[in-house]
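Structure first, then comments.
Here the structure is a predicted model, which means the values were calculated and not measured. Computation of the quantities below employed the complete heavy-atom set of this structure, encompassing side-chain atoms and omitting hydrogens, waters and symmetry-equivalent molecules. In what follows, every chain begins at residue 1, and chains take the letters A, B, ... in the order their sequences are listed.
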There are 2 protein chains.
Amino acid sequence: MKSSSKFVVAVHVLTGLAVVRLKKKADSISSQNIAWSVNTNPVVIRRLLGTLKRAGLVETESGSGGGARIGRSPEKITLAEVYKAVEEGSVFHYHYATPNQDCPVGANIQDALHEPLSQAEAVMIEDLSRTTIKDVAQKIMNQM
Amino acid sequence: MKSSSKFVVAVHVLTGLAVVRLKKKADSISSQNIAWSVNTNPVVIRRLLGTLKRAGLVETESGSGGGARIGRSPEKITLAEVYKAVEEGSVFHYHYATPNQDCPVGANIQDALHEPLSQAEAVMIEDLSRTTIKDVAQKIMNQM
DNA sequence: CGCCATGTAAGTATCTTGGTTACGCTGCTA
DNA sequence: TAGCAGCGTAACCAAGATACTTACATGGCG
């Protein structure tokens with residue numbers, strides 16, 4: 001089972017921005033700086049920031065001295081929101097090739113599974129909404 | 001977000017075997033026959049059946065006239081069990097490269113996320129346990 | 001104007017997944 | 001006992017996804 005690490009990285013980034021904000025250390029952080037923490041390339045971070053920006057979770061500024069800043073109070077951003085912002089598609093993946101429609105099972109299986117599977121996924125996201133970026137940032141700061 | 005379709009295919013296969021059993025149509029089904037319904041190659045099915053067999057969810061027989069049969073009453077197999085049998089690893093994927101340990105956030109983020117994320121996943125699997133193969137088979141048979 | 005930063009496009013390497021071929025073994029049946 | 005039908009696995013291949021990288025246009029500040 002393989003999916004993307006975008007969600008975890010997004011939480012990492014937002015948590016970093018939250019820590020900076022809570023500690024009043026700096027106004028904005030460059031993608032270079034964030035990339036250093038995540039251990040990746042600044043372009044990867046900028047792409048991700050673009051997605052988060054469209055979701056209203058961060059603000060960015062171009063130009064010299066620019067960078068990213070958290071878009072809202074950390075306690076008002078839940079992991080569920082981050083998940084929905086960056087992760088597209090369902091946790092569950094249906095058949096590559098359409099199942100055989102001449103078989104009663106093949107013809108109806110996807111439809112029959114839709115409800116229980118989307119329900120299970122919804123429950124998971126619901127659970128993610130119980131944790132906020134502030135919660136995560138707090139945990140980190142306790143270790144510092 | 002990309003993962004495998006193994007889970008859905010496994011449910012498809014088990015549902016097919018359940019329908020056959022509930023309708024008392026045949027004793028066992030060949031991988032060829034199953035592959036026809038799933039619209040894939042028999043080898044893919046045999047591989048999957050191997051996994052399901054190890055989990056006790058199906059029984060197989062070699063030789064002429066052999067094939068697969070559901071290993072237990074359909075109402076005693078939940079989607080959660082199928083999920084755990086075929087899907088390895090977590091829904092959430094952590095950083096490709098280890099985050100920068102010189103950064104307080106990078107050094108602690110994975111640890112801080114472990115609990116909320118594994119919790120969310122557990123809740124999802126818990127929800128899957130509310131649906132059985134019989135439930136799915138029943139839905140299919142209502143369409144026949 | 002020069003510098004530092006974002007935004008984005010385009011190309012590449014690596015990994016995962018599923019499809020496919022091949023072949024040995026098992027067990028039925030004529 | 002020969003032949004056939006089926007499973008079990010290994011090995012290879014094609015396609016797709018993911019993230020890394022280079023490159024460059026744009027924006028804003030001194």
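Checking dA22(C), dT6(C), dA19(D) against every side-chain atom of V43(B), the shortest atom distance belongs to dA22(C). The side chain of S4(A) has dA19(D) as its nearest neighbour among dC7(D), dA19(D), dC4(C). Comparing dA5(C), dC20(D), dT17(C) by their nearest atom to the side chain of V44(A) picks out dC20(D).
Residue R46(B) is the one, among A97(B) and R46(B), whose nearest nucleotide of DNA chain D lies closer to the 5' end (criterion: closest heavy atom). Residue order along DNA chain C, read from the 5' end via each residue's closest nucleotide, puts I29(A) first among G63(B) and I29(A). Where Q32(B) and R47(A) each meet DNA chain D at their nearest nucleotide, the meeting point lying more 5' is that of Q32(B).
What separates CD of E59(B) from P of dC7(D) is a distance of 14 Å, to the nearest Å. One interatomic measurement links the two molecules: NE2 of H95(A) to P of dT17(C), which rounds to 17 Å at whole-angstrom precision. Rounded to whole Å, the distance from CZ on R54(B) to C1' on dG8(D) is 10 Å. Distance, N41(A) CG to dC20(D) C1': 6 Å, rounded to whole Å. Regarding Y96(A), its OH atom lies at a distance of 9 Å from the C1' atom of dA17(D), rounded to whole Å. Atom CD in E61(B) sits roughly 10 Å away from atom P in dC7(D) (whole-Å rounding). Between the CH2 atom of W36(A) and the C1' atom of dA5(C) there is a distance of 19 Å, rounded to whole Å. One atom, CD of E87(B), and another, C1' of dT16(C), lie 12 Å apart when rounded to the nearest Å.
Listed for the N39(B) side chain is a donor-acceptor partner under 3.5 Å among the backbone atoms of T98(A). Using a distance-only test at 3.5 Å, with no hydrogens or angles considered, a donor-acceptor pair links the side chain of N100(B) to the main chain of W36(A).
Between the side chains of S28(B) and E61(B), no donor N or O sits under 3.5 Å from an acceptor N or O.
Checked against I77(A) for a side-chain contact (heavy atoms from CB on, under 4.5 Å), the options V82(A), V11(A), T132(A), V58(A) give a single hit: V82(A).
Contact between the side-chain N/O atoms of S62(B) and the OP1/OP2 oxygens of dG8(D) is not found at any separation under 4.0 Å. Considering only side-chain N and O atoms, S64(B) lies nowhere under 4.0 angstrom from the phosphate OP1 or OP2 of dG27(C). Between T40(B) and dG19(C) there is a side-chain N or O to OP1 or OP2 distance below 4.0 Å. A sub-4.0 Å separation between OP1 or OP2 of dG7(C) and a side-chain N or O of K53(A) is present. Applying the 4.0 Å criterion to OP1 and OP2 of dA19(D), one finds that S5(A) has a side-chain N or O inside that range.
Summarising the local packing, NZ of K134(B) is surrounded by 12 or fewer heavy atoms from other residues, nucleotides or ligands at distances under 6.0 Å.
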